[in-house]
Amino acid sequence: MSPRPGRAIPAPKGAGDAESGEDALAASLLLAWYDRHARTLPWRTGPKARARGERPDPYRVWLSEIMLQQTGVKAVAPYFHDFTARWPDFAALAAAPEAEIMAAWAGLGYYSRARNLVACARHVAGEHAGRLPESAAALAELPGIGPYTAAAIAAIAFGEPVPAVDGNVERVVTRLFAIDTPMPAGKADVREALRPLMPQSRPGEFTEALMDLGATICTPKRPACALCPLDAICAARARGEQGAFPVKAKKRARAKKFAAAFVALRPAGRGPAGSGPAARNGQILLSRRPPKGLLGGMAEIPNSDWVTEAVTGMPKPPLAAPWEKRGGEVTHIFTHIELRMTVWAAELPADAKAPPGFWWHDLSDLKGAGLPSLMLKVVEAALPGSSRGARLGG
DNA sequence: GAGCCGTGGAC
DNA sequence: TGTCCAAGGCT
């Protein structure tokens, strides 16, 4: 049960202990590698500027860390640019309407992050004069900031030598020390194994180095051990068992669910009648999901209850109209649900009123509607081509 | 501790 | 086609 079976002699943990020789070596090797191979990312301060004493903007570090929770760098980058351009600091973000921020987050997923982002920004702006607290312990009190994010911000933005264990670090460290405690319980072992490695001088860069190593060299499949700075001291590598770490439990199968979506359209209220298919210049009926739960707080295409059996007829629509099945079926995969939505559409008169809680939105500004990806798929199925310009992953 | 909570890319 | 996974947090 030792957290570090790969080490021959456990390091003493007494107060004031210097790093063990092996720990210091590992940290030194990793930082030297980072100096040559650090990824350049929009929210970072690179090794050269760091050496001049510069630190990254805590607001940008915080924003990036929230966006990067369970989300790849490639997906985050355009959202990060958009957010920092529109809201450059805590005060600006705190002053923005929540619906606007939710719409800007649309497509990035895990929408509770956006709600917590707003709550956190307002708390920091209101209670902390627009500045983040600097310790991991204090950061962890803020909404949307858990153990990992608190440690990452504290280390990267404020220089606190605390171990931040994300998926990358988990993989690197379980392999380095051959830690075989199954996740997520084993995360505590990873944290304790990492703690004595944390360099006092460059904890932020050390944290970034672990993540870069995990993202580019110590990958889940086919790790590039020949290029790894820790190759010679890696316990899993010595055994030839890199693929065995980290140990994880199997995931449950996804539940299948069925529903119907209702794409209600009305022509533009004024101006010349459009030539060709009038719908793309018209409006679409939207509603808002309950504040919590799946897609909580997001705009949506009106839709039926989600049930476990295939839908045969037409469920109750949001308003009376000549509904027709159009665009077949949309399949969308969530983390734990596979959803199949049949798409119904109807053209309404230009003066059709939106029922209470619903509103009409211009199809020419579909992106501004802030629809999550599932709902964009529904629109695309009903009106091919209409979502051009929206973020649809193509 | 375990389930819930998005999305898109890689293999 | 199915599976895993990505800088996790909340309940």
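Numbers restart at 1 for each chain; the letters A, B, ... are given by sequence-line order, proteins then strands.
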Spacing between [X] atom [atom1] and [N] atom [atom2], to the nearest angstrom:
| X | N | atom1 | atom2 | result |
| --- | --- | --- | --- | --- |
| Arg254(A) | dC4(C) | CZ | C1' | 10 Å |
| Asp166(A) | dG9(C) | CG | P | 10 Å |
| Leu294(A) | dC4(B) | CG | P | 11 Å |
| Met67(A) | dG6(B) | CE | C1' | 15 Å |
| Gln69(A) | dG8(B) | CD | C1' | 18 Å |
| Ile153(A) | dG8(C) | CD1 | P | 13 Å |
| Asn116(A) | dC5(B) | CG | C1' | 12 Å |
| Ile145(A) | dG9(C) | CD1 | C1' | 11 Å |

Exercise for the section: Mark yes or no for a side-chain to base donor-acceptor pair under 3.5 Å between Thr71(A) and dG6(B), with no hydrogen or angle criteria applied. Expected result: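 By the distance-only test, yes, there is a pair.
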Exercise for the section: Confirm from the modelled atom types if Thr335(A) and dG6(B) form a donor-acceptor pair under 3.5 Å, side chain to base only. Expected result: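 It does, because a donor-acceptor pair links the side chain of Thr335(A) to the base of dG6(B) below 3.5 Å.
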Problem - Close aromatic pair by centroid cut-off 6.0 Å: His336(A) and Phe334(A) - result: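 Ring centres of Phe334(A) and His336(A) not closer than 6.0 Å.
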Practice task
Using the closest heavy atom to pick a nucleotide of DNA chain C for each, name whichever of Arg44(A) or Ala140(A) lands nearer the 5' end.
Solution key: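 Checking each residue's closest nucleotide, the 5'-ward one belongs to Arg44(A).
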Problem - Pairwise 5' ranking along DNA chain C for Lys292(A) and Gly214(A), keeping only the more 5' one - result: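 Closest to the 5' end, via its nearest nucleotide, is Gly214(A).
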Practice task
Report the nucleotide, chosen from dC5(C), dG6(B), dG9(C), that has the shortest atom-to-atom distance to any side-chain atom of Lys248(A).
Solution key: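 Taking heavy atoms from C-beta onward, the closest nucleotide is dC5(C).
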Practice task
Consider the side chain of Pro220(A), meaning its heavy atoms from C-beta on, and name the nucleotide among dA6(C), dG9(C), dC5(B) that approaches it most closely.
Solution key: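 Out of dA6(C), dG9(C), dC5(B), the nucleotide with an atom closest to Pro220(A)'s side chain is dA6(C).
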Handout entry: Whole-Å P distance, dC4(C) and dG3(B)
Key =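 Looking at atom P only, dC4(C) and dG3(B) are 15 Å apart.
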Problem - Interatomic distance at P, dT1(C) relative to dG6(B), whole Å - result: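 Taking atom P in both dT1(C) and dG6(B), they lie 26 Å apart.
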Looking at every strand, decide which applies to [X] at a 4.0 Å heavy-atom threshold: base, sugar-phosphate, or nothing.
| X | value |
| --- | --- |
| Val76(A) | nothing |
| Leu210(A) | nothing |
| Trp105(A) | nothing |
| Arg171(A) | sugar-phosphate |
| Pro184(A) | nothing |
| Ala164(A) | nothing |
| Ser64(A) | nothing |

Side-chain N or O of [X] closer than 4.0 Å to phosphate OP1/OP2 of [N]:
| X | N | value |
| --- | --- | --- |
| Gln70(A) | dG8(C) | yes |
| Arg222(A) | dA10(B) | no |
| His332(A) | dG6(B) | no |
| Arg252(A) | dA2(B) | no |
| Tyr111(A) | dT7(B) | yes |
| His336(A) | dC5(B) | yes |

Handout entry: Glu380(A) and Lys377(A) ion-paired at < 4.0 Å
Key =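 No.
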Exercise for the section: Considering only NZ, NE, NH1 and NH2 on the basic side and carboxylate oxygens on the acidic side, decide whether Arg326(A) and Glu324(A) come within less than 4.0 Å. Expected result: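 Salt bridge flag = no for Glu324(A) with Arg326(A).
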Problem - Neighbour count >12 (heavy atoms, 6.0 Å) for atom CD, Glu54(A) - result: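 Atom CD in Glu54(A) is packed in, count exceeds 12.
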Handout entry: Closest-nucleotide 5' rank along DNA chain B - winner of Ala185(A) and Gly109(A)
Key =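 Its nearest nucleotide lies further toward 5', so the answer is Ala185(A).
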Exercise for the section: Report the residue (Lys74(A) or Ile333(A)) whose heavy-atom-nearest nucleotide on DNA chain B is the more 5′ of the two. Expected result: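 Nearer the 5' end of the strand: Ile333(A).
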Handout entry: ring pair (Phe, Tyr, Trp, His ring centres under 6.0 Å) partner of Trp43(A), the single match among Tyr79(A), Tyr59(A), Trp62(A), Phe80(A)
Key =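 With Trp43(A) as partner, ring pair (Phe, Tyr, Trp, His ring centres under 6.0 Å) holds for just one option, Phe80(A).
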Practice task
Start with the C-alpha gap between Gln242(A) and Arg175(A), add the side-chain angles, then the distance that decides, and say whether side chain to side chain donor-acceptor pair (under 3.5 Å) holds.
Solution key: CA-CA 6 Å; Gln242(A) 300 94 315; Arg175(A) 286 174 178 171; over 6 Å; no
Exercise for the section: Mind telling me whether His123(A) and His128(A) have parallel, tilted or perpendicular rings, with 30° and 60° as the class edges? Expected result: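 Ring orientation of His128(A) relative to His123(A): tilted.
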